[in-house]
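Below: the structure, in structure tokens.
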Amino acid sequence: MANSHYRLRLPGPTAVPERVRQAIAQPVVSHRGPEFRAIFDRVEELIQPILGTRNRVLLFASSGTGMMEASLVNILAPGERVLVSCHGQFGERFAAIARALGACVDTLDIPWGRAVDPADVEKRVRAADYRAVVIVHNESSTGVVADLAAIGALLRGRPTLLVVDSVSGMGGVEMRQDEWGIDIVASSSQKALMCPPGLGLVSMSPKAWQVVGRDDRFPRYYWDFRKAMASVEESGTPFTTPVALVAGLREALEMIHEEGLPEVLGRHRRLSAALRTGCEALGLRSFPQAEMLSSTVVCLHVPESLKGGDIVRGMYQRHGTVIAGSRNKLEERVIRIGTMGDLRAGDIFTDLLHLEETLHSLGFPVTPGAGVSAAAQELLHAR
Ligand SMILES: *Cc1c(COP(=O)(O)O)cnc(C)c1O
């Protein structure tokens, strides 16, 4: 049992608001009955504006990775070519999934911390026939956001599909699926959607649906989007739905719309920027070197004299604040703090105080209050 000072400040899973926990605790209903159908329909209605789409939304009992795999299984055939942008851990995971399935995988290898250049994507799609271009919207390992509008524009009018992982973007970073021409968006419940892990979702364009509907794709059963699409027409899923999680998601989505989607996105932007500024003032430089920075995760360079693992451990043991390191080639060099979901200014001020004390305990020089002060200044002048 986590103690009362436990603060879940990871880039996913994120803390679940009381209202959502109450909704999840309600009695379980039949996943084929009228009570659940009403919840299911409402979820779709509330998700569509967040994704900027009029597509049907498919739900699965799954983590985010399952939705990445499901997206590829439904559109690829053995030996077909995909181009995967690898600018962080989740891009590499997408490439690994495509290879495991037996697709022919080309990668765009970009230094971690930088964004994919749409001009490079264009060069590659001119040079070869790709079934799909695969991009991570918000790369949680580096804190970089991809320019999906530009990439979508250059694929328009081509047969190539644009497949996007917006697991850590959706609900915290702007997404306009239809306007930007994104064919498949995959996401899951435990990031900016403020729910426990376990629910995956996907939204698919008519262009993608044409490919998904073909019989010559990879073998699929549980992940078959054709089955899911048939069930959505009857307000349900092909197999038993995690009804409690869907009830929780509905409540979380109601909260987002009560606050207002533009306000929610603006709050993510302001608080992530303020946390970054506060961390800089403590001597922790922002890691990404890109134009579009994430609003949902702050990635920080670990000072030369320190190790990321020691900061993460200190934050937890001294303060009960759970932040993330890196379990990849940035191990010990980068730490990450989630700035998504039900986050308020008080949360990031507490993060900064805990960071300051932890850095001090590790012998790193800090000026008391410098982080909080810099973040407060930023918030006062931000709009
Ligand atoms: C969290 C995350 C995932 C999904 O991870 P799961 O552990 O499978 O839920 C995928 N992509 C990105 C960018 C993520 O941040």
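This one's a predicted model, so the numbers in the text were calculated from it and none came from an experiment. Every number for a ligand or one of its atoms is a count from 1 in the order of the listing.
Contact annotation: Asn138 has at least one heavy atom less than 4.0 Å from an atom of ligand 1. Residue-ligand proximity: Arg93 is placed with a non-hydrogen atom under 4.0 Å from ligand 1.
For atom 11 (N) of ligand 1, the nearest non-hydrogen atom of the protein is Asp165 OD2, 2.5 Å. The nearest protein atom to atom 15 (O) of ligand 1, hydrogens excluded, is given as Ser140 OG, 2.4 Å; this is a heavy-atom distance.
Close approach of ligand 1 to Ser168 (heavy-atom distance below 4.0 Å) involves ligand atoms 13 (C), 15 (O).
Using a 4.0 Å cut-off between heavy atoms, Val136 contacts ligand 1 through its side chain alone, with no backbone atom that close. Contacts of Val167 with ligand 1, taken as heavy-atom pairs under 4.0 Å, involve the side chain alone.
Taking all atoms of both residues into account, the shortest heavy-atom contact from Val57 to Glu44 is N-OE2, 2.8 Å. The minimum heavy-atom distance linking His87 with Thr142 is given by the pair O-CG2, 3.7 Å.
Remark: ligand 1 and Lys191 share an N or O pair separated by less than 3.5 Å (distance only, no angle test). Considering backbone and side-chain atoms alike, Gly64 places an N or O below 3.5 Å from some N or O of ligand 1. Considering both main-chain and side-chain atoms, Gln190 comes within under 3.5 Å of ligand 1 through a nitrogen or oxygen pair.
Counting non-hydrogen atoms of other residues, nucleotides and ligands closer than 6.0 Å to OH of Tyr316 gives a total of 12 or fewer. Atom NE2 of His257 is surrounded by more than 12 heavy atoms from other residues, nucleotides or ligands within 6.0 Å.
Salt-bridge formation is detected for the pair Glu122/Arg126: a Lys NZ or Arg NE/NH1/NH2 atom is positioned less than 4.0 Å from an Asp or Glu carboxylate oxygen. In summary, Asp120 and Lys123 engage in a salt bridge, as defined by a charged side-chain N under 4.0 Å from a carboxylate O.
A heavy-atom distance below 4.5 Å is not found between the side chains of Ser187 and Met67.
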